[in-house]
Amino acid sequence: MPGITREEVAHLARLARLELKDEELDHFAGQLDDIIGAVARVSEVADQDVPPTSHPLPLTNVMRADEVRPSLTPEQALSGAPAQEQQRFKVPQILGEE
Amino acid sequence: MTVTDLVSYEDALATYEPVMGLEVHVELGTKTKMFCGCSTTLGADANTQTCPTCLGLPGSLPVVNATGVESAIKIGLALNCSIAEWCRFARKNYFYPDMPKNFQTSQYDEPIAFDGYLDVQLEDGEVFRVEIERAHMEEDTGKSTHVGGATGRIHGASHSLLDYNRAGIPLIEIVTKPIKGAGERAPEVAKAYVAELRELIKALGVSEARMEMGQMRCDVNLSLMPKGSETFGTRSETKNVNSLRSVERAARFEIQRHAAVLSSGGTVVQETRHFHEDDGSTTAGRIKDNAEDYRYFPEPDLVPVAPSREWVEELRKGLPELPRVRRNRLREEWGISEHDMQSILNAGAVDLIVATTEAGADAASARKWWMGELARRANEDGVELAALPITPVDVARVAALVAEGSLNDKLARQTIEGVLAGEGTPDEVVDKRGLKVVSDEGALGKAVDEAIESNAAIADKIRGGKVAAAGALVGAVMKATRGQADAARVRELILEKLGVEG
Amino acid sequence: MAAHELIKLTAAETAAKIAAGEVTAVEVTEAHLARIEAVDEKVHAFLHVDREGALAQARAVDAKRERGEKLGPLAGVPLALKDIFTTEGIPTTVGSKILEGWLPPYDATLTKKLKAADVVILGKTNMDEFAMGSSTENSAYGPTGNPWDLTRIPGGSGGGSSAALASYEAPLAIGTDTGGSIRQPAAVTGTVGVKPTYGGVSRYGMVAFSSSLDQGGPCARTVLDAALLHEAIAGHDPMDSTSIDAPVPAVVEAARNGSVQGMRVGVVKQFRGEGYQAGVLQRFDESVALMKELGAEIVELDCPSFDLALAAYYLIAPSECSSNLARFDAMRYGLRVGDDGTKSAEDVTALTREAGFGDEVKRRIILGTYALSSGYYDAYYGSAQKVRTLITREFEQAFEQVDVIVSPTTPTTAFPIGERADDPMAMYLADVCTLPVNLAGNAAMSLPCGLAPEDGLPVGLQIIAPTMKDDRLYKVGAAVEAAFVEKWGHPLLEEAPSL
Ligand SMILES: [Mg+2]
Ligand SMILES: [Zn+2]
């Protein structure tokens, strides 16, 4: 199994929206390389013909009836907002798609 | 790239074969959101229809809306799809402020419906089969308003405001397989497909599918390959093309644009494109490079959906007659041409005409009123036919009054005018306006006598065998009765009184 | 009854005295609040003490009793709630700076159940940030001390809850267990902790770390108290799709009828070896011998895939956490950093997450992002889910031969604060015996089985039962507890130095 490079860590941090500092990148790259080296063992079973388990219990079809339940009040909904305006969450300018 | 750089449509099609992929998102008309019990009613005040789950508050969890799943299966069945025996939701991970959890709960490699087709009929009656790749369940995002920019657009805005009422509303995403072989008719096929899908969704009763309300949104993926080639070219993804006409225009524009790029030796960039309603053009959006990595994995907070075969068969039995089949049946029943049927469809009059016949009118007169007088009025007022303040029952009553001879066409039009003006039911309008045909033989006889007297010369001609001249006398009587007489009866009376055989 | 005596009562005893009118709920609550005031500066088990709320709840219980209403089995008993469950209007931080000052607008289902049972919630307890850790050193609000030795860790992530119990600040506590966060703290503090079967206790309102592994559960000083609390918080919740829609196993009845007579008890060969402290193994072996004496049949088991549990866990849990923690983006609640009017939402999100998350959280988010990214998914996440299947199968095969499995809860006793703080792999080893249970969804308990001779610190015995057979934990646990208490002459906690 390949290890992980500092550049990869930087890329992952961008994907995960973490503005890591340079020294953190160095630090984490080393630690993550160790961890990945250890956990890569799971690929020992990669070829085995066993189904993956995503859920610990074999439940299926848990659904609710299409019935309206009370919502929060807008005051409650916005109670934790770092900023608000016109009963809406106020956020910094959004880049990207229109 | 500007419009002037495009190659002509004909030249583009002479060299290249278009390949399309259409992705349609339909907002379901369920009472509640896909994963929480918040109402989906449109037009509510901002952030009044949110809860911990659809706001993505820490600790909240989703629970699947059973009607959402049922609707997805119905759509899948109507699209001739296989329905998964077991499938899961998956998380599509990407950050965007309108998405409260910063992942969309969607489906990935296990859609609830897959491998189907939809036959669409083009205007000339040709049927084209569009293959369906999949239909899957997911959730909508919140709505952002951009503040401080010149036009409310994202660029130049100082900040944005978020309303999460729409976040979590159920969506069904329907994806076609690559549509090949449509050639120059590709844009027409795209439009016909979306139109047919919209009719289907409405017929199933799972959504009103109103494109102008954003309840149905279409992405048009398009690429060109040189004629004779089997290798697809690089595609562009034109997002949010939200009317039938736009779907056709976007496809057409992209064909011309791709052809221009390719013919000049360039390469098409894989990117999203924005469609502009004003001039029908598209402009570049985000480049789709490999940095995009949604890190899909099975949603651990939701258990798999395993629709029993009994349930699926029950839903299949309950499917309504498919729109295309119904349309063809009605066309035959009504004895009209493909072209006329298409006009009725375009006018949104099919259901209105059917309802009018169900209220007792014969199909011909129902069609005549809806496609004539009423279509004209709707057009003038700029509203949908169905939005006019007149019901099929009213129209059927007008038709009945005409059939029994109480109204002639002119009076019937005045009656309809009165109903549209809010003066009441057709009978009330006839009463109030005094529109009944004058059938009192005494009064009519008197008017005929007067007309003969004051037009002695014409009367003599008629007596002399020039029966055709009777028209002038009929006109005089009609004028005298302000149009409220039955013209046929007037003619009979004139001939009778002058002793001439009609 | 004097305050110093009240705080040493079990929950069952406390409830009985309140019900009988021997003491009021307000007196009990005040005794515990006074204890917190006296010792928590040193222990730091609590992040928030809700003095007013607790007294109001206590007064309501006393009023109920005065009106002659029947009281529930835990009415008026104080409890320390892990700061991972939402409490309406009461701060909920999950041990993270990113949620500092957040007042949830809703109660978790578990919070509602506690209130409905008339349990008195004293406050919210310290924890490793987002439940990631085995020492509570990862809390953004400073570590918690182990009441046995304040320079040592109280376990984690639920170190605040275990320390609150061991320092007599509360007779009951709530924990959550994703890889051992209830059981390992119980083991190193000489208390009892139970991870119910996955789906047994609602996760609605429990801030998610790893959704397919997280499970809330009871913490107490005795097996019976844990059972009473278990019954109060368990049961089907329509707000949690993974909640089991079946009756709660009869855990209280089992705790009142402890026995291992005729039971087949499995010992898995993979749960010992390198890295296990000699004193821990010694106490464990004695426990097994004791069960044999009490009439159990001991069966040796081989579960080879358990050796891969740690690796699978450290792929699955980070993967799920990388997605679960994406919602902390500075848009709707919690911390916002860098919003000076010039930065984009994207930048503010990244700056906030950088400032608001601690190192362990960042490490796991990056690790999880890696394991799920295209090109690596099959090798890492996909393989880990296969390991999960194998471990589940080995448990199922094992439970065809035995009624319960036992092991040490953790390979070592409490280690000194700071010792493993910057050595993630060493830290992860603390959970090597508890992780397989989370991967398979089984139920498990840790209870004290003595002190390690070399350091005089508590050792935990882990009992594992099949899914939905949580009652077996209590039946076996109660029998072992009774035998030990008889042997020692008193509960183990009495040997802890007084604070
Ligand atoms: Mg989609
Ligand atoms: Zn909601």
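Letters A, B, ... are given to chains in the order of the sequence lines, protein chains preceding strands, and every chain is numbered from 1.
In this structure, no portion of C:P238 lies under 4.5 Å from any heavy atom of chain A. Using a 4.5 Å cut-off between heavy atoms, C:Q215 makes no contact with chain A at all. Interface residue C:M331: backbone and side-chain heavy atoms are both found under 4.5 Å from chain A. Only the backbone of C:S243 comes within contact range of chain A, judged by heavy atoms closer than 4.5 Å. In this structure, the portion of C:V348 lying under 4.5 Å from any heavy atom of chain A is its side chain and not its backbone. In this structure, no portion of C:D423 lies under 4.5 Å from any heavy atom of chain A. C:N442 does not touch chain A: none of its heavy atoms, backbone or side chain, sits under 4.5 Å away. Contact of A:K90 with chain C is made through the backbone alone, with heavy-atom distances under 4.5 Å. For a residue to count as touching a neighbouring chain, one of its non-hydrogen atoms must lie under 4.5 Å from one of that chain's; by this rule C:L390 touches chain A with the side chain only.
Summarising the geometry of A:L18 relative to C:F357, their closest heavy-atom pair is CD2-CD1, 4.0 Å, with the distance given to 0.1 Å. Residues A:P56 and C:S212 come closest through the heavy atom pair CG-O, 3.3 Å. A:V42 approaches C:Y380 most closely through the heavy-atom pair CG2-O, 3.9 Å. Taking both residues in full, the closest heavy atoms of C:K386 and A:V50 are given as CE-O, 3.5 Å, listed atom of the first, atom of the second, then distance. Nearest heavy atom pair, residue C:E346 against residue A:Q93, reads OE1-O, 4.0 Å. For C:L308 against A:E44, the heavy-atom pair with the smallest separation is CD2-OE1, 4.0 Å.
Per-residue heavy-atom pair counts under 4.5 Å with chain A were compared for C:D245, C:D347, C:D359, C:T467, and the maximum is reached by C:D359. Looking only at heavy-atom pairs under 4.5 Å with chain A, the residue among C:Y333, C:Y428, C:Y106, C:W102 that has the most is C:Y333. When each of C:A350, C:A440, C:G441, C:A355 is checked for heavy-atom pairs under 4.5 Å with chain A, C:A350 comes out on top. Between chain A and the options C:R388, C:Q385, C:M425, C:K343, heavy-atom pairs under 4.5 Å are most frequent for C:Q385.
Interatomic distance, C:I365 CD1 to A:L15 CG, rounded to the nearest 0.5 Å: 12.5 Å. If you take CD on A:E19 and OG1 on C:T352, they are separated by 10.5 Å, rounding to the nearest 0.5 Å. The distance from the CZ atom of C:R364 to the CD1 atom of A:I35 is 8.5 Å, given to the nearest 0.5 Å. Atom CD1 of C:I366 and atom CG of A:L20 lie 4.5 Å apart (nearest 0.5 Å). Atom OG of residue C:S241 and atom NE2 of residue A:H55 lie 9.0 Å apart, to the nearest 0.5 angstrom. With rounding to the nearest 0.5 angstrom, the OG1 atom of C:T369 is 9.5 Å from the NE2 atom of A:H11.
Using a 4.5 Å cut-off between non-hydrogen atoms, the part of residues 59-69 of chain A that approaches chain C consists of A:L59, A:V62, A:R69. Of all residues in residues 319-330 of chain C, those placing a non-hydrogen atom less than 4.5 angstrom from a non-hydrogen atom of chain A are C:A330. Listed by sequence position, A:Q76, A:S79, A:G80, A:A81, A:P82, A:A83 are the residues of residues 73-84 of chain A in contact with chain C, using a 4.5 angstrom heavy-atom cutoff.
With no hydrogens or angles considered, a side-chain donor-acceptor pair links C:T389 and A:T53 at under 3.5 Å.
Listed by chain and residue number, C:K362 satisfy the salt bridge (Lys or Arg N to Asp or Glu O under 4.0 Å) test with A:E24 (two or more places apart in sequence, or in another chain).
No side-chain donor-acceptor contact under 3.5 Å links A:Q31 to the backbone of C:R363. Between the side chain of C:R353 and the backbone N or O of A:A16, at least one donor-acceptor pair lies under 3.5 Å.
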Next item on the list: Assess whether side chain to side chain contact (heavy atoms under 4.5 Å, CB included) is satisfied between A:R41 and C:V387, documenting all intermediate values.
Entry: CA-CA 10 Å; A:R41 281 195 65 192; C:V387 169; over 6 Å; no
